[in-house]
Amino acid sequence: MSDLLGSLNPPQREAVVHGDGPLLVLAGAGSGKTRVLTHRIAHLITDRGVPPWAILAITFTNKAAGEMRSRIIDLVGPAARDLWASTFHSACVRILRREAEAIGLDPRFVIYDADDQLRLMRACMKDEEIDPKRVSPRAVLAQISDAKNRMLDPDGLARVSDGFGDELVVRLYRRYTERLRAANAVDFDDLLVLTVELLEHDASVRERYQQRFRHVLVDEYQDTNQAQYRLVQLLAAPQNNVMAVGDDDQGIYSWRGADVRNILEFERDYPNAAVVALEQNYRSTGTILRAANAVVALNRGRREKTLWTDRGDGERIVVEACRDEHEEARRVVSEIDRALGEGTSLDEIAVFYRTNAQSRSIEDQLVRSRIAYQVIGGPRFYERAEIRDLTAYLRVAANPADLMAFTRMTGAPKRGLGPGCIAKLAAFALEHGMPIGDTPAHAEMVGGLTAAQRGALADTASVIADLAQAAQGALPLGRLVEMAIERSGLKASLMVEGTLEAQGRLDNLDELVNVAAEYDASADEPSLEGFLEEIALQSDADVVEDAAGQATLMTVHNAKGLEFDVVIMTGMEDGVFPHVRSDTPEALEEERRLCYVGMTRARRRLMLTHCETRMLHGGREYRLPSRFLGEIPRDAIARPAGAPSRSARARSQEGRSSAPALAAGDSVVHATFGEGVVTGVEGRGQLVRVRFSNDGTERRLMAGAAPMRKVG
DNA sequence: ATTCAACGCTTTTTT
DNA sequence: AGCGTTGAAT
């Protein structure tokens with residue numbers, strides 16, 4: 001037996017050396033689950049003689065997959081390169097490209113991202129003459145995605161739905177599927193659904209993969225949806241050497257179809273499953289853990305567990321009340337300065353927020369203070385307009401049937417080819433069974449076009465032909481992208497514009513040349529299709545760099561799986577976090593788990609900020625401190641810097657401890673909401689419910705922190 | 001038929 | 001604030 005086990009604690013070791021059969025690892029935050037996963041795979045390879053290519057390891061992001069692979073190569077040597085370590089989506093693409101024909105799919109299919117999907121849905125709604133103002137295309141897409149996550153096709157959805165509006169969704173779902181296939185495209189959900197269908201319906205393909213993958217390991221199992229669950233089940237059968245690692249307290253993707261029941265009911269699905277719980281935390285201080293545990297413990301329907309650490313209590317959590325988002329940003333900067341002064345490096349500092357829009361005020365202040373930072377998420381590189389314009393050319397070159405890409409391409413730069421002209425070409429394409437991308441070359445056969453349009457189309461045809469030809473040949477991808485930038489006319493039109501912004505766009509296009517060249521150098525079998533696919537499957541989390549000397553800003557969702565010495569969670573306000581739209585008990589519990597995820601990212605120091613007022617949705621809104629703040633044990637929280645003096649604080653503490661300041665029935669006056677009546681007291685007297693007479697609303701307030709006093 | 005400018009509306013989280 | 005739609009000008 002190798003020395004893989006030396007550095008592991010007993011439950012970790014148990015998970016690593018577990019024999020055949022299903023295994024569930026309940027891994028609390030910071031309990032070393034990545035270590036367990038990598039060491040188990042290394043153990044399978046070196047001690048049990050399992051060939052690396054017979055192991056499938058599924059992670060949540062491409063970056064995590066890459067890291068896992070390189071760690072395992074470090075542990076067992078280069079033979080481990082044959083390991084399949086990837087996300088669900090990449091694994092499915094890989095399988096589908098090989099086996100597409102078995103389900104009547106062209107193996108050169110392209111992947112439509114959120115933007116393509118939205119455009120396509122708008123087009124479908126036009127087909128069906130549905131007013132996009134009455135029915136939101138996004139909402140329809142969300143329902144379709146929901147259906148796909150539940151493995152329902154249009155007929156299936158029709159069968160299970162009862163509501164009146166569902167008929168509309170079914171109709172659009174049909175149309176959407178038709179148009180996707182016509183464009184030889186699939187969406188994100190299709191990758192999973194089609195792979196499941198493939199494996200379910202084709203026994204020989206299924207058996208081939210089942211025999212190949214002798215071990216299937218899945219990380220973040222609590223965030224799997226039904227299709228992913230089925231996929232794991234199909235691939236792992238019949239031996240069921242499946243290891244699921246996860247933490248029900250960290251399930252934060254139910255809105256994307258994830259079903260926490262998958263982890264809660266693992267033992268029912270795999271009756272002979274071994275279960276190992278990892279509860280020792282190696283990341284955070286005792287105080288941070290105690291606070292995070294206290295918050296998440298209020299959830300029902302979770303597996304009871306308590307993380308512990310032997311690292312000692314550490315510092316208390318800092319809660320800062322701010323007037324508005326500008327003051328909040330200044331507090332963030334002073335906390336960063338303070339941490340830097342203590343010797344913490346910038347890349348060990350992270351700022352979290354609930355929604356991407358909140359980053360703006362913080363970024364402003366960081367720029368002003370000359371603090372280097374990177375923002376994860378938000379507008380992504382590959383989603384920038386100019387990048388999408390350019391990739392549209394590449395996409396049409398790779399797949400002339402891609403109508404969305406063709407439409408985008410012909411409109412950028414503007415050259416007199418508008419919707420009317422595209423519609424004529426599309427009709428012609430349909431009539432002659434020709435891919436839309438081939439129509440410009442036959443424009444002379446299309447009627448009703450102006451001379452200017454024919455000229456523009458001739459030009460377009462030659463661009464498409466040249467790019468397609470270059471893509472077929474041995475031209476390096478970097479050169480191909482350069483060629484597209486020139487020939488598309490995007491470069492010329494941006495140069496003419498001449499603004500600083502246009503220059504920035506040109507720089508982005510140049511950056512894409514670099515990305516392409518890099519891909520060319522690193523990929524096993526570089527191809528235009530492969531490059532476009534990599535772009536499509538890229539996630540925000542994949543671009544998190546440990547680049548020295550930068551603080552990191554991101555949403556709490558993006559923070560999953562990461563850790564930092566110092567974490568600042570901003571916008572801890574009711575309506576922001578928890579989010580307003582999380583108004584059901586289940587949704588609130590998910591927000592609470594999200595809060596737990598955020599808090600447990602911190603190793604040493606955790607600061608939480610909230611504002612009295614902030615700009616939201618184009619107006620200034622007043623917000624109460626997040627209820628989650630009230631759920632943190634009081635003695636885990638430090639007296640905020642810049643808060644009332646020691647003596648003032650002492651007085652208020654006395655007032656609070658000697659007698660509960662407020663009880664149901666008391667009249668109060670609040671600085672913002674005016675007069676009201678206390679209707680109830682919660683959370684050991686820390687929270688009071690008050691009905692305000694001004695607007696008749698009932699609000700939950702922090703008894704100590706809210707600008708409110710008793711009257712009469 | 002295309003394009004540009006003004007207006008009015010909505011806003012989570014994302015592989 | 002940003003987007004998509006609408007209306008007017010070309």
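Quick note on labels: first sequence line is chain A, next is B, and so on, each numbered from 1.
- When rounded to the nearest whole Å, the span between CD of A:Gln250 and P of B:dT13 equals 20 Å.
- Residue A:Arg122 places at least one side-chain N or O under 4.0 Å from the OP1 or OP2 atom of C:dG4.
- Look at CD on A:Gln117: it is 13 Å from P on B:dT15, rounded to the nearest Å.
- Ring-plane geometry between A:Tyr253 and A:Phe60 is classed as tilted, the angle between the planes lying from 30 to 60 degrees on a 0 to 90 degree scale.
- In this structure, the CD atom of A:Glu363 is 14 Å from the C1' atom of C:dA1, given to the nearest Å.
- What separates NZ of A:Lys414 from C1' of B:dT3 is a distance of 7 Å, to the nearest Å.
- Atoms CZ (A:Arg138) and C1' (C:dT5) sit 15 Å apart, rounded to a whole Å.
- We find that CG of A:Asp223 is positioned 12 Å from C1' of B:dT13, with the value rounded to whole Å.
- Annotation: of the two residues near DNA chain B, A:Arg581 and A:Gln228, the 5′-most nearest-nucleotide partner is A:Arg581.
- Ring geometry, A:Trp255 versus A:His557: the interplanar angle exceeds 60°, so the pair is classed perpendicular (tilted spans 30 to 60°).
- Between the A:Arg593 side chain and the A:Gly251 main chain, a donor and an acceptor come within less than 3.5 Å of each other.
- Using cut-offs of 30° and 60° on the angle between ring planes, the pair A:Phe628 and A:Phe577 is perpendicular.
- Contact check, A:Asn225 against B:dT15: no side-chain N or O comes under 4.0 Å of OP1 or OP2.
- Between A:Asn558 and the phosphate of B:dT14, there is a side-chain N or O to OP1/OP2 separation shorter than 4.0 Å.
- For the pair A:Thr570 (side chain) and A:Phe352 (backbone), a donor-acceptor distance under 3.5 Å is present.
- Straight-line distance from the CH2 atom of A:Trp255 to the P atom of B:dT11: 15 Å, rounded to whole Å.
- Residue A:Ser136 places none of its side-chain N or O atoms closer than 4.0 Å to OP1 or OP2 of B:dT10.
- Between A:Phe188 and B:dT15, a base-stacking contact is recorded: ring centres under 5.5 Å apart, planes less than 30° from parallel.
- B:dT13 has no stacking from A:Tyr253 on its base ring, since the centres under 5.5 angstrom apart and planes within 30 degrees of parallel are not both found.
- A:Asn62 has no side-chain polar atom (N or O) that falls below the 4.0 Å cut-off from OP1 or OP2 of B:dT15.
- Atom CG of A:Leu537 and atom P of B:dT15 are 10 Å apart (whole Å).
- Aromatic stacking is not marked for A:His557 over B:dT13, as the cut-offs of 5.5 Å for the centres and 30° for the planes do not both hold.
- Toward the 5' end of DNA chain B, the nearer of the two residues A:Thr355 and A:Phe88, judged by each one's closest nucleotide, is A:Thr355.
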